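Just below is one structure, and these are the notes that go with it.
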Amino acid sequence: MTKVMIGLSGGVDSAVAAYLLKKQGYEVVGGFMRNWDAIANGDFLGNPTLNDSCCPQEKDYEDAKEVAKKLGIELLRIDFIKEYWDYVFSYFLEEYNKGRTPNPDIFCNKYIKFDAFLKFARDQGCDFIATGHYAKRVDKEDGVVELHKAYDLNKDQTYFLSQINNEQIASCLFPLGDIDKPKVREIAKELNLNVADKKDSTGVCFIGERNFKEFLKNYIPANKGKIIDINSNEVVGEHDGVMYYTIGQRKGLGIGGISGREPRSWFVCYKDVKNNILYVADEKEDEHLFSDRAIIKNINWLAERTNDPLHVGCKFRYRQQDNGVTLKFIDDDTIELIFDEPYKAVTTGQAAVFYMGTRMLGGGIIEEIYYKGKRIDIKK
RNA sequence: UGGGGUAUAGCCAAGCGGUAAGGCAUCAGAUUUUGAUUCUGACAUCUCCCUGGUUCGAACCCAGGUACCCCAG
């Protein structure tokens with residue numbers, strides 16, 4: 001009998017995924033990962049649950065235990081706190097310190113859920129791991145395994161899986177690939193699962209929904225500086241540290257009305273890390289927010305390598321529509337992207353993920369961005 | 001201590017005798033397994049710098065203060 005270890009998070013998605021696997025005839029065992037320890041990791045500022053008698057992760061664990069009991073599967077608990085810090089969080093901090101905006105969850109998948117956890121599962125004698133991600137595994141006749149967008153395009157999470165390789169994909173099952181979220185909730189209700197109505201979790205995985213700036217302050221000290229209007233060069237406000245902001249951001253700038261000017265919303269369009277200056281524009285469609293070309297590094301390519309330019313769909317952030325781009329390999333680890341038209345707020349450190357139809361071809365990390373021939377992510 | 005101007009929520013700013021527009025910011029909620037974006041809602045009620053006065057009624061009129069700004073010195 002094929003043995004599968006499902007990552008049970010204590011949420012509704014993985015619970016239903018576990019049920020579906022069982023129904024399909026697999027021998028299923030659950031694995032609950034714990035990757036963040038607020039006390040050990042010095043996570044105090046802005047931590048709303050620090051003083052709670054039971055931290056939310058323990059609540060999730062209790063939920064997962066109840067699900068496992070109900071489904072009649074064994075549940076193992078694994079700590080990856082050190083691995084998460086070493087492979088995901090230290091990278092995350094490095095990126096922020098460079099003034100970029102990383103996506104930790106993509107690296108959490110690459111190094112924790114689809115690597116450390118996979119190894120653990122293998123040691124436990126499992127043939128596959130499975131998760132509650134919304135993504136579809138497609139097995140071709142020739143043995144090739146492809147990863148496609150989920151049937152529920154609204155919940156599709158292939159963006160977060162863009163750094164896992166073919167070998168990892170081949171070792172993983174995604175039971176939710178062909179059903180949508182409402183159906184998942186429905187199944188959970190039919191099974192009378194305790195988590196049937198549990199709210200979807202958001203925020204950085206394992207850390208959760210938080211005041212992000214306060215969270216970062218635990219690791220990146222505040223450093224006040226000027227906010228400058230990129231168009232007029234006037235000082236229009238003061239920030240707490242350029243690291244806390246990201247390109248395209250509107251909230252949290254604290255810029256009020258300015259005498260003699262029409263009151264408008266301001267958007268971050270450039271971060272001068274060296275001089276600790278935040279550049280903003282007061283127009284939603286300001287030219288400084290756009291770019292038309294990018295260099296992508298850390299390429300994880302799942303399809304056949306091509307030297308010819310390829311026109312594909314590209315997401316520069318989660319839940320964004322596919323943007324048309326022409327992709328060209330510079331070398332194995334570098335891709336140049338020419339955009340069909342200028343796109344807004346493409347941000348270094350974020351992932352660019354490529355699609356051909358529903359198939360995810362791979363992805364990489366946005367390294368440099370250009371507009372009209374000029375590099376705009378560094379040096380104004 | 002000559003002249004002129006302005007004082008309305010955190011910031012801009014309407015209002016010109018009839019019972020405080022709007023925007024920005026902020027906060028809350030929705031959306032969201034990154035950071036953002038987006039959407040919805042809340043947000044001056046011993047109140048309009050202070051003290052008096054006129055009036056049925058004043059942020060708006062009058063008088064006297066106070067603060068700041070500008071031009072002359």
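All of these numbers come straight from a predicted model, not from anything done at the bench. Letters go in sequence order (proteins before strands), and every chain restarts at 1.
- For the pairing with A/N276, the side-chain hydrogen bond (donor to acceptor under 3.5 Å, both in side chains) check across A/K271, A/K224, A/H239 returns one residue only, A/H239.
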- [ ] Give the intermediate values and the outcome of salt bridge (charged side-chain N to carboxylate O under 4.0 Å, His left out) for residues A/K136 and A/D156.
- [x] CA-CA 9 Å; A/K136 191 190 290 193; A/D156 172 58; over 6 Å; no
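- When heavy atoms are screened at a 4.0 angstrom cut-off, A/Y96 is found touching the sugar-phosphate backbone but no base atom.
- The side chain of A/T246 sits closest to B/A36 out of B/A25, B/U34, B/A36.
- Rounded to a whole angstrom, the distance from the C1' atom of B/G23 to that of B/G18 is 27 Å.
- Ring to ring, A/F316 and A/F339 are close: their centroids are under 6.0 angstrom apart.
- Using a 3.5 Å distance cut-off with no hydrogens or angles, the side chains of A/Y134 and A/D13 do pair a donor with an acceptor.
- Across all strands shown, A/I106 has no heavy atoms under 4.0 Å from either base or sugar-phosphate atoms.
- The nucleotide whose nearest atom lies closest to any side-chain atom of A/V204 is, among B/U34, B/G23, B/U37, B/U34.
- A/R250 has a side-chain polar atom (N or O) that falls below the 4.0 Å cut-off from OP1 or OP2 of B/U38.
- If A/R317 and A/S265 are placed on RNA chain B by their nearest nucleotide, the residue sitting closer to the 5' end is A/S265.
- Between A/Y61 and A/F32, a ring centre-to-centre spacing shorter than 6.0 Å is recorded.
- For B/U34, the base has a donor-acceptor partner in the side chain of A/Q350 [N/O atoms by modelled type, under 3.5 angstrom].
- Comparing the P positions of B/U54 and B/G15 gives an interatomic distance of 29 Å, to the nearest angstrom.
- Between the base of B/G23 and the side chain of A/R264 there is no donor-acceptor pair shorter than 3.5 Å.
- As the counterpart of B/G2, B/C71 is assigned, both hydrogen-bonding distances of the Watson-Crick or G-U wobble pattern falling under 3.5 Å.
- Ranking B/A36, B/G23, B/U32 by closeness to the A/F212 side chain, first place goes to B/A36.
- Heavy-atom distances to RNA chain B give each of A/D200 and A/K284 a nearest nucleotide, and the one nearer the 5′ end belongs to A/D200.
- Pairing partner, B/U37: none, since no Watson-Crick or wobble contact has both distances short of 3.5 Å.
- For the C1' atoms, the distance linking B/U40 with B/A44 amounts to 23 Å, nearest Å.
- In this entry B/G64 has B/C50 as its Watson-Crick or G-U wobble partner, both defining distances falling under 3.5 Å.
- Rounded to an integer number of Å, the gap from A/W266 CH2 to B/C24 P is 13 Å.
- Only the P atoms considered, B/A9 is 15 Å distant from B/A59, to the nearest whole Å.
- As the counterpart of B/A59, no nucleotide is assigned, since no Watson-Crick or G-U wobble pattern has both distances under 3.5 Å.
- A close approach under 4.0 Å does not occur between any side-chain nitrogen or oxygen of A/R319 and OP1 or OP2 of B/U34.
- Taking the C1' atom of each, B/A25 and B/A42 are spaced 14 Å apart, rounded to whole Å.
- With both ends at atom C1', the span from B/C16 to B/A7 equals 16 Å, rounded to whole Å.
- With respect to A/E58 and A/R77, a salt bridge is recorded, a charged nitrogen being found less than 4.0 Å from a carboxylate O.
- Nucleotides B/U45 and B/A36 place their C1' atoms 38 Å apart, quoted to the nearest Å.
- In this structure, B/G22 and B/C12 make a Watson-Crick or G-U wobble pair, each of the two defining distances being under 3.5 angstrom.
- Pairing for B/A44 is absent, judged as Watson-Crick or G-U wobble with the two contacts each under 3.5 Å.
- If you take atom P in B/A14 and the same atom in B/U6, they sit 12 Å apart, rounded to whole Å.
- Checked for salt-bridge contact, A/E66 and A/K69 miss the test: no charged N lies under 4.0 Å from a carboxylate O.
- Taking only side-chain atoms of A/Y318, from C-beta outward, the nucleotide of B/U32, B/C24, B/U38 with the closest atom is B/U32.
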